[in-house]
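All heavy atoms count here, side chains included; hydrogens, waters and symmetry mates do not.
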Amino acid sequence: KKKKKNLLRKNLTQGERKALIELGNDKYRRVMKADKGGGIRVTDTSGYNQKIENMLEDNRFYGLFTMDDIKRAYDLWNTVTTLWEEKLITEKLYNYLWSPCPRLPYFF
């Protein structure tokens, strides 16, 4: 039987790979995807957590949703759909308002 060739090319040395794994297992540091450039970022866990908490406490940008908020969003969407089905808005406007795959923010 022929051996299968490893089709994945490794871009890290064994030592670099080991160091990266050790960093990933360090509970005092976070290894995450960088915002730009496709690299990685290593940061202090407690400082990162504090920064995130400060951001989430800023009610100019973040807030808690209630079930009423979610119901209102569904009601609004149903209204838009009904307006389109009854030909009261154009398909172009309907498509502009409709988001088939909404992107939700997330933290690393």
Side-chain angles (χ1 to χ4, degrees):
K1 224 178 189 183
K2 263 188 173 178
K3 276 189 173 182
K4 285 186 178 181
K5 287 185 178 181
N6 186 357
L7 298 178
L8 296 176
R9 292 180 58 171
K10 297 177 181 169
N11 63 353
L12 297 176
T13 67
Q14 189 174 2
E16 290 170 333
R17 205 170 10 265
K18 181 180 177 194
L20 192 56
I21 289 168
E22 287 175 6
L23 277 172
N25 291 333
D26 185 345
K27 66 180 180 180
Y28 299 106
R29 291 187 181 88
R30 291 183 59 91
V31 179
M32 62 189 94
K33 187 169 92 171
D35 290 342
K36 297 179 182 167
I40 61 168
R41 178 177 173 208
V42 179
T43 189
D44 172 65
T45 298
S46 64
Y48 175 81
N49 290 345
Q50 185 60 52
K51 187 172 183 175
I52 295 301
E53 285 178 24
N54 290 343
M55 288 172 59
L56 292 174
E57 288 172 357
D58 187 345
N59 59 13
R60 294 176 300 160
F61 302 103
Y62 298 98
L64 297 176
F65 282 103
T66 66
M67 289 307 291
D68 285 342
D69 295 326
I70 295 169
K71 183 183 179 320
R72 269 195 304 266
Y74 275 108
D75 289 347
L76 179 60
W77 177 244
N78 288 334
T79 299
V80 169
T81 301
T82 300
L83 289 171
W84 177 68
E85 288 171 345
E86 295 178 2
K87 308 287 188 223
L88 297 171
I89 62 173
T90 65
E91 185 170 357
K92 183 178 179 180
L93 179 57
Y94 173 80
N95 288 333
Y96 175 77
L97 296 172
W98 183 64
S99 178
C101 300
R103 291 181 49 179
L104 299 175
Y106 59 91
F107 291 111
F108 293 100

Can you tell me how far apart [atom1] ([X]) and [atom2] ([Y]) are? Round to the nearest 0.5 Å.
X	Y	atom1	atom2	answer
Thr81	Trp98	OG1	CH2	9.5 Å
Thr79	Tyr74	OG1	OH	14.5 Å
Tyr62	Leu56	OH	CG	6.0 Å
Arg41	Thr43	CZ	OG1	4.5 Å
Thr45	Asp26	OG1	CG	7.0 Å

Same cluster or not: are [X] and [Y] linked, directly or through other Ile, Leu, Val, Met, Phe, Trp or Tyr residues, by side-chain heavy atoms under 4.5 angstrom apart?
X	Y	answer
Tyr96	Tyr94	yes
Ile89	Trp77	yes
Met32	Tyr28	no
Val31	Ile21	no

request  = Say whether Glu53 and Asn49, considering side chains only, have a donor N or O and an acceptor N or O under 3.5 Å apart.
outcome  =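 There is no such pair between these side chains.
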key: Step-by-step side-chain contact (heavy atoms from CB on, under 4.5 Å) determination, Met55 to Phe61   = CA-CA 8 Å; Met55 288 172 59; Phe61 302 103; over 6 Å; no
ask   = After noting the C-alpha distance and the side-chain angles of Asp75 and Lys71, does the key distance pass the salt bridge (charged side-chain N to carboxylate O under 4.0 Å, His left out) rule?
value = CA-CA 6 Å; Asp75 289 347; Lys71 183 183 179 320; 2.8 Å; yes
ask   = Within a strict 4.5 Å, meaning less than it, do heavy atoms of the Asp69 and Thr66 side chains meet?
value =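 Yes; the side chains approach each other to less than 4.5 Å.
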ask   = side-chain contact (heavy atoms from CB on, under 4.5 Å) between Leu93 and Leu83: does it pass, once the steps are laid out?
value = CA-CA 10 Å; Leu93 179 57; Leu83 289 171; over 6 Å; no
ask   = Do other residues, nucleotides or ligands put more than 12 heavy atoms under 6.0 Å from the CG atom of Leu12?
value =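 Buried by this count: over 12 neighbours within 6.0 Å.
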